[in-house]
2 protein chains.
Amino acid sequence: MSHTLDNIDTQLLTILQKNSNRTTKSIAEELGMSTSPIFERIKKLEKEGYIEKYVAVLNNKKIGLKLTVFIGITLQGHTRSYLEKFVKEINNFPEVVECHRVSGNFDYLLKLVVEDIEAYETFIISKLTLLPYLGNVQSLIALSTSKETNEIDLSQVL
Amino acid sequence: MSHTLDNIDTQLLTILQKNSNRTTKSIAEELGMSTSPIFERIKKLEKEGYIEKYVAVLNNKKIGLKLTVFIGITLQGHTRSYLEKFVKEINNFPEVVECHRVSGNFDYLLKLVVEDIEAYETFIISKLTLLPYLGNVQSLIALSTSKETNEIDLSQVL
DNA sequence: TATTAAAAAGGATATTATTCTTTATTTAAA
DNA sequence: TTTAAATAAAGAATAATATCCTTTTTAATA
């Protein structure tokens, strides 16, 4: 039960972060090994939780969700029970893809993916501003995105 | 060559966003269809670009990358050629997982995934502040994250 | 150097993906 | 309506791959 990743493990994770549909055979060839150790290492990485899941990444724009917006929020009353309720409501909105409690000039930072400016405005007016104790709200609208990846850099942890 | 998604397509995309390792058979059973139309629809969604890729999602914390930070940046000189150079440099940093040009109080918003506060400080001091024309820099450190998903909500586009 | 444990190789089998042909359903036009 | 054409689905056959098991090699430790 070794709890450290060796060089082969990080290579595997790097490969699978880019494309999880590679066959074990093709990965084995790339790394100069046979299929079974590759297969067993991947199963181990899954079992021990290094790999959480495998997912399809969609093309948001093609599907019609063309706008990404970040919203910084401060709250006025900080009672613990209210914070929990606030987070629960926020997380239930399907437009919200990320919700972080942050330190700095805001209490929360949200990331949204919506159809367009109209859908964004609808979210603000008919969902967000209905929540009580809302303080300052500041939006950053993504004009363009030069990098947006799920690949985390494993060289940092070697 | 229909360019619209019907109800079955959006169900498929929703399923594959959650788990792309499902067998076509299991998906077919869930949707009450046989395997071949499911298979062919998925191939079509891939070919037409609705599905960009399939990836493994890793557990950042388990791997040792425990800190997420957002950084808002304003630039002082906005010449076009400089903006391009700036973005190129930023995108090359492996800690940076997102880089958006934004409207609002900043010019750029970055998202970083790093080991810890120390690694974050190293990034700021020995990478970010070395870039010229840097104006205001404001960091939001994620204390906790209640939602962080790659699943986009397809009910918005139906 | 001998002993043990871990990792990899290679082959056998079961499962699944993929392709093809046939049938049904839907849509459009007469 | 009825017919024709196009699209989608069914079902079966095959090819490819994942998965498992046994043997061999390598590495680590006494």
Side-chain angles (χ1 to χ4, degrees), chain A residues 1-59 62-64 150-152 154-158, chain B residues 1-59 62-64 150-152 154-158:
Chain A
M1 210 200 282
S2 79
H3 276 287
T4 50
L5 299 172
D6 68 12
N7 190 46
I8 296 173
D9 289 325
T10 58
Q11 285 187 81
L12 279 176
L13 293 175
T14 300
I15 287 170
L16 293 172
Q17 278 194 109
K18 282 191 203 304
N19 178 7
S20 62
N21 267 14
R22 296 268 306 269
T23 63
T24 55
K25 192 179 164 193
S26 115
I27 296 172
E29 279 165 6
E30 179 176 335
L31 301 184
M33 295 165 69
S34 68
T35 59
S36 39
I38 297 298
F39 173 73
E40 275 151 19
R41 275 171 182 269
I42 291 172
K43 286 298 142 195
K44 196 175 172 187
L45 290 168
E46 290 167 2
K47 197 172 153 229
E48 291 183 353
Y50 292 103
I51 296 172
E52 245 169 36
K53 55 182 175 177
Y54 298 95
V55 304
V57 175
L58 308 189
N59 184 331
K62 175 122 198 177
I63 286 167
N150 53 296
E151 291 175 43
I152 61 174
L154 296 171
S155 68
Q156 291 183 69
V157 289
L158 264 188
Chain B
M1 210 199 279
S2 78
H3 277 289
T4 51
L5 299 172
D6 67 13
N7 190 45
I8 296 173
D9 290 325
T10 59
Q11 285 187 79
L12 279 177
L13 292 174
T14 301
I15 287 170
L16 293 173
Q17 278 194 110
K18 283 191 203 303
N19 178 7
S20 61
N21 267 14
R22 295 271 304 268
T23 62
T24 55
K25 191 179 164 192
S26 114
I27 296 172
E29 280 166 4
E30 179 177 334
L31 301 185
M33 295 166 70
S34 67
T35 60
S36 40
I38 297 298
F39 173 76
E40 275 150 18
R41 277 171 179 269
I42 292 172
K43 287 298 142 196
K44 194 176 172 189
L45 290 168
E46 291 167 0
K47 195 169 154 235
E48 292 184 352
Y50 293 102
I51 296 172
E52 245 169 38
K53 55 182 174 177
Y54 298 95
V55 304
V57 175
L58 308 188
N59 183 332
K62 175 121 197 178
I63 286 167
N150 53 295
E151 291 174 43
I152 62 175
L154 297 171
S155 70
Q156 291 184 69
V157 288
L158 264 188

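The sequence lines fix the lettering, A, B, ..., with proteins before strands; numbering per chain opens at 1.
In this structure, A:Glu46 places its CD atom 12 Å from P of D:dA18, rounding to the nearest Å. Rounded to whole Å, atom C1' of D:dT19 lies 9 Å from atom NZ of A:Lys43. B:Ile42 places its CD1 atom 13 Å from the P atom of C:dT19, with the value rounded to the nearest Å. Nucleotide C:dT18 holds its P atom 11 Å from the CD atom of B:Glu40, rounded to whole Å. Rounded to an integer number of Å, the gap from CZ of B:Arg41 to P of D:dA10 is 10 Å. Straight-line distance from the NZ atom of B:Lys25 to the P atom of D:dA10: 15 Å, rounded to whole Å. When the P atom of C:dA17 is taken as reference, atom NZ of B:Lys44 falls 21 Å away, rounded to whole Å. Whole-Å rounding puts the A:Arg22 CZ to D:dT17 P distance at 12 Å.
Within the nucleic acid shown, A:Ser34 comes within 4.0 Å of at least one base atom, counting heavy atoms only.
Nearest nucleotide to the B:Thr24 side chain, out of D:dT19, C:dA8, C:dA17: C:dA17. Set against D:dC20, C:dA9, C:dA17, the side chain of A:Phe39 has D:dC20 as its closest nucleotide. Of the candidates D:dA9, D:dT17, C:dT16, the closest approach to any side-chain atom of B:Met33 belongs to D:dA9. Closest approach to the A:Ser36 side chain among C:dA9, D:dA9, C:dT16 is made by C:dA9 (side chain taken as heavy atoms from C-beta onward).
A salt bridge does not link A:Glu40 to A:Lys43: none of the charged nitrogens lies less than 4.0 Å from a carboxylate oxygen.
Where A:Thr35 and A:Ile38 meet DNA chain C, the nucleotide closest to each residue was compared, and A:Ile38 sits on the side nearer the 5' end.
Judged by distance alone, with hydrogens and angles left aside, the side-chain atoms of B:Lys62 form a donor-acceptor pair with the main-chain N or O of A:Glu48 at under 3.5 Å. In terms of modelled atom types and a separation under 3.5 Å, the side chain of A:Thr35 and the main chain of A:Lys25 share no donor-acceptor contact.
Here the CG atom belonging to A:Leu45 is positioned 8.0 Å from the CG atom belonging to A:Leu16, to the nearest 0.5 angstrom. Rounding to the nearest 0.5 angstrom, the gap separating the CD atom in A:Gln17 from the CG atom in A:Asn150 is 6.5 Å.
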